[in-house]
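Worksheet: one structure, shown below.
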Amino acid sequence: MAAVYDGGGRVSGLELRELECFLALAEELHFGRAGERLFVSQSRVSQLLAALERRVGARLVHRSSRRVALTPLGERFLERLEPAYGALRAAVADAQTVARGGAGPLRLGFQGVADAPLVAAVAAFEAAEPARGVELVEIPYADPFGAVRRGAVDAAVVLLPVDEADLVLGPVFSRQRQTVAVSRAHPFAARERVGADEVSAVPLIGAASPAPAYWRAARAPGALTGPAATTLQEALSLAAAGRGALLLCRPTAAYHRRDDLAYVPVEGLPDSALGLVWHREAETETVREFARVLARVETVRGGR
């Protein structure tokens, strides 16, 4: 219902369905066919037209047993109404497009490596939404949330933990045993595995700002402070140079194999995990749908 002002300055209700009825009748010039277009009865078309004419205060349509035609006022009303109604439909369609995330691809940030569950989710989403697609964007190791906040990506896959009031944490997936990357000269390099207490006793390479303090602490949970890195490649290079040890999830360690680094499984640390995050005030149906796809893929993989 829309509010309109009559000649006396009073406000009356205007039903959108009445306008749709008039437009259909003006095109068909037949009550039965207009009703078929609107999926209503012929008598309902008559009721809607009569209600509109009462609001206007005059006849808009001549009707007889032989023919239906617009009155001169009806012709004038149609001329003004058609562009206004078209603009209204366009405004609604535009709002729906924005709510779904726009017409372009879903921009998805990731840290380090797009691992198997994420790649599977992207493939499943693109199969269901071939016109949309997914644009993968690597985001900095030391700035897990900045791209989402700036709108550079629609959502991002980041390492947990996530405790940000303005962000929504969606599906959590890819829980993995942790691995420590060390220089080939490091005492851990010849070991098959190390314990959490041993890892906490050596300098650990952390993340630089602007990553929040709690997130940086999760990357380097030991008592000894090592250097801070801005990018994952910088962190790997620092480890190779013997500046400290670097904790990684197993898929990231496997993807970033280097001859000058040894990768040793760690026992006793909580598994690493990834989560999908997006901005609370920029949530779209496209992001929600990708979150649902990602959750389904993770459930299927977990059931194998």
Side-chain angles (χ1 to χ4, degrees), residues 1-64 67-107 125-126 128-135 148 150-155 166 168 278-293:
M1 180 181 291
V4 296
Y5 290 88
D6 60 23
R10 294 180 297 274
V11 179
S12 61
L14 180 62
E15 294 286 349
L16 185 61
R17 196 61 166 164
E18 296 172 5
L19 300 179
E20 293 174 336
C21 172
F22 173 76
L23 289 169
L25 190 58
E27 184 171 334
E28 298 291 346
L29 295 178
H30 190 281
F31 280 79
R33 290 195 297 270
E36 290 174 1
R37 281 183 53 174
L38 298 174
F39 301 100
V40 298
S41 66
Q42 181 172 327
S43 62
R44 181 57 177 159
V45 173
S46 296
Q47 292 170 359
L48 290 168
L49 176 63
L52 178 61
E53 289 179 328
R54 284 196 298 271
R55 296 183 198 280
V56 171
R59 286 292 182 100
L60 298 172
V61 176
H62 286 303
R63 54 269 218 197
S64 68
R67 63 189 292 268
V68 174
L70 297 182
T71 66
L73 179 60
E75 294 280 3
R76 177 184 174 85
F77 185 57
L78 176 64
E79 183 180 345
R80 300 289 298 275
L81 177 61
E82 280 185 316
Y85 184 76
L88 177 61
R89 288 177 60 91
V92 172
D94 179 70
Q96 290 172 332
T97 298
V98 172
R100 289 193 297 267
L106 172 69
R107 299 165 300 163
F125 179 82
E126 291 184 328
E129 300 279 348
R132 298 301 307 273
V134 177
E135 180 180 301
V148 172
R150 293 190 302 272
V153 297
D154 302 306
D166 60 334
V168 177
W278 59 89
H279 201 287
R280 194 173 299 280
E281 295 184 359
E283 183 174 294
T284 66
E285 178 55 32
T286 299
V287 169
R288 289 192 292 268
E289 178 57 26
F290 182 79
R292 290 190 286 266
V293 170

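Listed for the Gln42 side chain is no donor-acceptor partner under 3.5 Å among the backbone atoms of Gly35.
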Evaluate Arg17 against Leu38 for side chain to side chain contact (heavy atoms under 4.5 Å, CB included), listing each step before the verdict. CA-CA 9 Å; Arg17 196 61 166 164; Leu38 298 174; 3.8 Å; yes
Does the pair Leu73 and Arg59 meet the rule for a side chain to side chain contact (heavy atoms under 4.5 Å, CB included), with working shown? CA-CA 8 Å; Leu73 179 60; Arg59 286 292 182 100; over 6 Å; no
Step by step, work out the side chain to side chain contact (heavy atoms under 4.5 Å, CB included) result for Asp166 and Glu281. CA-CA 8 Å; Asp166 60 334; Glu281 295 184 359; over 6 Å; no
Could you walk me through whether Val153 and Leu106 pass the side chain to side chain contact (heavy atoms under 4.5 Å, CB included) test, one step at a time? CA-CA 8 Å; Val153 297; Leu106 172 69; over 6 Å; no
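By the 4.5 Å heavy-atom criterion applied to side chains, Glu20 and Glu15 are not counted as neighbours. Between Leu25 and Leu60 there is no side-chain heavy-atom pair separated by less than 4.5 Å. Looking at heavy atoms from C-beta onward, Glu53 lies in side-chain contact with Val61 at the 4.5 angstrom threshold. Leu48 has its side chain out of reach of Val45: every pair of non-hydrogen atoms, C-beta onward, lies at least 4.5 Å apart.
Here the CG atom belonging to Leu70 is positioned 9.0 Å from the NE2 atom belonging to His62, to the nearest 0.5 angstrom. Once rounded to the nearest 0.5 Å, the distance linking SG of Cys21 with CG of Leu52 reads 8.0 Å.
In this structure Ser64 satisfies the side chain to side chain contact (heavy atoms under 4.5 Å, CB included) test together with Arg66, Arg67, sequence neighbours excluded. In this structure Arg54 satisfies the salt bridge (Lys or Arg N to Asp or Glu O under 4.0 Å) test with no other residue, sequence neighbours excluded. Under the rule for a side chain to side chain donor-acceptor pair (under 3.5 Å), Arg76 has no partner lying at least two apart in sequence or in another chain. Every residue meeting the salt bridge (Lys or Arg N to Asp or Glu O under 4.0 Å) condition with Arg107, not counting sequence neighbours, appears here in chain and number order: Asp154.
The two residues Val168 and Glu283 come nearest to each other via the heavy atoms CG2-OE1, 4.0 Å. Between Glu126 and Val134 the shortest heavy-atom distance is OE2-N, 2.9 Å. In plain terms, the two heavy atoms of Gly133 and Phe125 that are nearest each other are O-CE2, 4.0 Å.
Pairs passing the ring-ring contact (aromatic ring centres under 6.0 Å, His included) check and including a residue from residues 25-57, sequence neighbours excluded, do not occur. Residue pairs that meet the salt bridge (Lys or Arg N to Asp or Glu O under 4.0 Å) test with at least one member in residues 38-48, sequence neighbours left out, do not exist here.
Using a 30° and 60° split on the angle between ring planes, Phe22 and Phe77 fall in the tilted class, from 30° to 60°.
We find that Arg33 and Glu27 are not joined by a salt bridge, their nearest charged nitrogen and carboxylate oxygen being 4.0 Å or further apart. The pair Glu289-Arg292 counts as a salt bridge, with a side-chain nitrogen and a carboxylate oxygen less than 4.0 angstrom apart.
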